[in-house]
Amino acid sequence: MPNDRLPTPLRVLVVAAHPDDIEFGAAGTVARWVGEGTRVRYLLITRGDKGSDDATADAGQLAIVREREQRSAAAELGVEGVDFLDEPDGQVEPSLRLRERITFAIRRFQPEVVMTHDPTVLFVNNEWVNHPDHRAVGMVTVDAVFPTARDPLNFHEHLDAGLQPWKVAELFLWSTNEANELVDIGDTLDRKIAALRCHESQFRTFADTERWLRQTSEELGERAGYRAAEGFRRVMLAR
Ligand SMILES: [Zn+2]
């Protein structure tokens, strides 16, 4: 049994820039919530069509492969659906157009919790540069949550289409330098790794990635006395 006091929301929407972002950042927590009866949907902003170091790779073909891998990874955890907005990989802009599209998804699914990239992070642990698509998607998603989805005069055409304004209660932000919530994923680390393994096109040798992921998850868990953990910046939004 997990040792933390994580609540069990009814619905969780996970918004990510690329296929495999969710598996690295949040899949252990997603697996827990699905197991507790939470309905989870993924919203992928791109199909990862630039995610190759092979200069001769065909972007259209890569997008097809990566979408399929993402759907397999979601199915592995029992996620109920995956939607793709098909913005161009590597060129996501924090635009009003994208905010409208994410707001629509929030108003349609009505999640209590939205998980996404921490948009404030430029350097992750001073180890690597946070991808510009991650920053853009995180920023637009936060803006869609507050105040856009909540206030009825924003994108009022959604209401004409039968949707209602929606207040998200909490944000869970991954790849953060300011984790204030460690989620106990001791029971679901294996399932996180199984989901990540679905992204076959992204790994030359999955064993190296698995070793790194187990080690970092276990080291993070040690801080709280868990076998393994995922860390989030958890923001509880005022009512
Ligand atoms: Zn990414």
Side-chain angles (χ1 to χ4, degrees), residues 12-31 40-55 57 59-74 76-77 79 82-95 98-99 101-102 105 114-144 171-179 192-204 206 208-210 212-213 216-217 230-233:
V12 174
L13 180 66
V14 192
V15 185
H18 313 113
D20 85 17
D21 291 342
I22 298 170
E23 285 65 39
F24 278 112
T29 305
V30 167
V40 180
R41 293 192 69 88
Y42 290 172
L43 180 65
L44 272 289
I45 306 306
T46 80
R47 297 200 297 157
D49 49 279
K50 307 287 195 327
S52 174
D53 52 13
D54 176 0
Q61 192 58 38
L62 186 59
I64 291 167
V65 169
R66 299 203 68 195
E67 177 176 340
R68 191 174 57 225
E69 291 171 347
Q70 183 62 73
R71 290 188 186 283
S72 299
E76 180 75 34
L77 301 186
V79 169
V82 187
D83 296 304
F84 288 83
L85 296 187
D86 211 12
E87 298 281 334
D89 186 357
Q91 300 176 13
V92 178
E93 291 184 311
S95 64
L98 181 57
R99 199 200 299 182
R101 302 182 82 191
I102 296 173
V114 169
M115 309 179 92
T116 191
H117 309 267
D118 183 339
T120 66
V121 174
L122 179 54
F123 303 109
V124 183
N125 291 327
N126 292 330
E127 287 172 4
W128 64 80
V129 175
N130 196 17
H131 193 295
D133 288 354
H134 297 174
R135 285 180 265 142
V137 169
M139 189 63 79
V140 178
T141 302
V142 170
D143 292 348
L171 289 164
F172 276 65
L173 307 171
W174 68 75
S175 278
T176 181
N177 294 333
E178 299 187 56
K192 174 184 172 91
I193 287 167
L196 185 60
R197 190 181 282 117
C198 294
H199 296 279
E200 287 175 17
S201 70
Q202 298 304 296
F203 306 109
R204 253 188 218 110
F206 187 72
D208 293 343
T209 304
E210 177 174 350
W212 171 82
L213 188 59
T216 52
S217 303
E230 281 174 340
F232 298 95
R233 184 175 191 174

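Heavy-atom basis, side chains included; hydrogens, waters and symmetry copies ignored. We count ligands from 1, going down the list as the structure has it; atoms in each ligand are counted the same way.
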message = Closer than 2.8 Å to the Zn ion (ligand 1): does that hold for any N, O or S atom in D21?
response = yes
request  = Looking only at N, O or S atoms, find the one in H18 nearest to the Zn ion (ligand 1) and name it.
outcome  = ND1
query = Under 4.0 Å between a Lys/Arg side-chain N and an Asp/Glu carboxylate O for E230 and K192?
reply = yes
inquiry  = Measuring only between side-chain heavy atoms, which start at C-beta, is L98 closer than 4.5 Å to V92?
reply    = yes
R204 bridged to D53 by N-O distance under 4.0 Å = yes
query = Roughly how far, to the nearest 0.5 Å, is CG of D49 from CD of E67?
reply = 11.0 Å
ask   = Of all N, O or S atoms in H134, which has the smallest distance to the Zn ion (ligand 1)?
value = NE2
query = Quick check: does H131 have an N/O/S atom under 2.8 Å of the Zn ion (ligand 1)?
reply = no
